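As the structure is a computational prediction, the values presented were derived from the model and not from experiment. Numbers restart at 1 for each chain; the letters A, B, ... are given by sequence-line order, proteins then strands.
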Protein chains: 2
Amino acid sequence: MYQPDDTDYEILRLLQRNGELTNKEIAFTIGKSIATIHERVKRLKEEKYIKRTVAILDRKKINKNLIAFSHVLLSDHAFETLNTFETEVSKFPEVMECFQMTGTFDFILRIATSDMDSYHEFYRHKLAKLPNIATVQSFFVLSETKSDTAYPL
Amino acid sequence: MYQPDDTDYEILRLLQRNGELTNKEIAFTIGKSIATIHERVKRLKEEKYIKRTVAILDRKKINKNLIAFSHVLLSDHAFETLNTFETEVSKFPEVMECFQMTGTFDFILRIATSDMDSYHEFYRHKLAKLPNIATVQSFFVLSETKSDTAYPL
DNA sequence: ATTGAAATGTAGGAAAC
DNA sequence: GTTTCCTACATTTCAAT
């Protein structure tokens with residue numbers, strides 16, 4: 001199996017922060033040739049170390065002023081119950097993330113809406129209508145102290 | 001103030017999913033000229049609708065196998081207490097996100113480490129050593145059902 | 001604001017060291 | 001792994017509508 005070396009990790013570190021860096025810029029920064037960077041980046045993408053490159057938007061400018069983290073507990077944990085929930089909840093565009101969790105509830109959802117009315121609408125007419133939901137406990141973001149997509153490397 | 005129109009939103013929708021799309025590809029997809037897309041994208045970046053473009057890594061391949069969501073309650077809510085916590089916790093590379101929240105605790109942290117030992121190390125020697133922490137309750141990701149950086153548009 | 005066309009720069013591939 | 005050369009594309013600017 002392919003194992004990235006220090007150079008690869010340096011490239012990942014940079015591209016995680018700025019995906020628009022050219023091979024030339026990366027080459028200059030880490031002191032290697034452009035052809036080398038070109039090869040490394042190509043392989044890192046082929047091997048799916050880099051899953052994709054995306055634009056990060058300012059949510060307030062596009063009117064997603066309310067972010068909720070919701071803890072969902074299901075009424076039972078049968079395979080089908082879990083599966084249906086995961087499939088259906090993933091279809092909602094408001095749900096940006098869904099994680100199955102350890103502990104006293106089953107899932108954490110990250111939900112983006114424009115305001116409390118839209119959240120309420122989503123909650124009443126979409127989330128709460130899914131089968132086998134026992135409880136939903138929601139917490140709302142007051143302010144973002146740190147908001148990073150980059151992993152520590 | 002600058003208000004993006006439908007064309008701008010189509011561009012944002014596309015770049016949120018794939019930040020590597022060329023102006024030519026976008027132009028073809030939404031039926032406008034390359035120069036128009038170029039202008040729009042430039043403005044969307046200048047006006048900070050697009051905050052930045054980043055590479056999204058496969059966390060398991062780079063050995064970040066454990067993601068924790070930790071709920072932090074501080075012992076008091078004096079301005080200085082909140083401020084110090086936010087400043088200090090943001091310095092930890094393991095903390096990818098920190099949100100101040102409504103409700104029964106003060107902050108949610110998203111913490112990325114390689115395994116439970118590293119998490120424990122982080123918790124004992126970094127997080128728990130910050131001043132004025134009352135309680136920390138942590139939940140761990142079992143599986144990712146949906147993991148998106150794109151807002152619904 | 002949108003377009004087509006022209007100049008510049010980068011990507012991507014191949015060869016030789 | 002680096003350097004050079006090459007072609008193809010992409011970006012960027014600009015004059016015109």
Nearest-Å distance for atom pair CD1/P, residues B/Ile26 and C/dT3
14 Å

Would you mind reading off the distance between B/Asp8 atom CG and C/dT2 atom C1', rounded to a whole angstrom?
13 Å

Hey, does B/Thr36 reach any base, or is it just sugar-phosphate, or nothing, if we go heavy atoms under 4.0 Å?
base

Starting the side chain at C-beta, find the nucleotide from C/dA11, C/dT3, C/dA1 nearest to B/Arg40.
C/dA1

Evaluate the ring planes of B/Phe107 and B/Phe85, with Trp represented by its six-membered ring, and classify them as parallel (under 30°), tilted (30 to 60°) or perpendicular (over 60°).
tilted

Can you tell me how far P of D/dC9 sits from CD of B/Glu20, to the nearest Å?
18 Å

Can you say whether the rings of B/Phe105 and B/His71 are parallel (under 30°), tilted (30 to 60°) or perpendicular (over 60°)?
parallel

Please determine which of A/Lys32, A/Lys42, A/Arg40, A/Lys45 meets the salt bridge (charged side-chain N to carboxylate O under 4.0 Å, His left out) test together with A/Asp8.
A/Arg40

Taking the side chain as everything from C-beta on, heavy atoms only, tell me whether A/Tyr9 gets closer than 4.5 Å to A/Arg13.
yes

B/Asp6: partners by side chain to side chain donor-acceptor pair (under 3.5 Å), with sequence neighbours left out
none

Decide yes or no for B/Arg17 and B/Asp148: does some side-chain heavy atom of the first lie under 4.5 Å from some side-chain heavy atom of the second?
yes

Round to a whole Å and report the spacing from CZ of A/Arg43 to C1' of C/dA11.
18 Å

Under 3.5 Å, which N/O atoms of the protein pair with N/O atoms of nucleotides 12-17 of chain D?
| residue | atom | partner | partner atom | Å |
| --- | --- | --- | --- | --- |
| D/dT12 | OP2 | B/His38 | NE2 | 3.3 |

Test: B/Arg110 and A/Glu97 ion pair at under 4.0 Å:
yes

Which of parallel (below 30°), tilted (30 to 60°) and perpendicular (above 60°) describes A/Tyr123 and A/Tyr119?
parallel

Do any N or O atoms of the protein come closer than 3.5 Å to N or O atoms of nucleotides 6-9 of chain C, and which pairs are they?
none

Using a 4.0 Å heavy-atom cut-off, does A/Ser33 contact any base of the nucleic acid, only the sugar-phosphate backbone, or nothing at all?
base

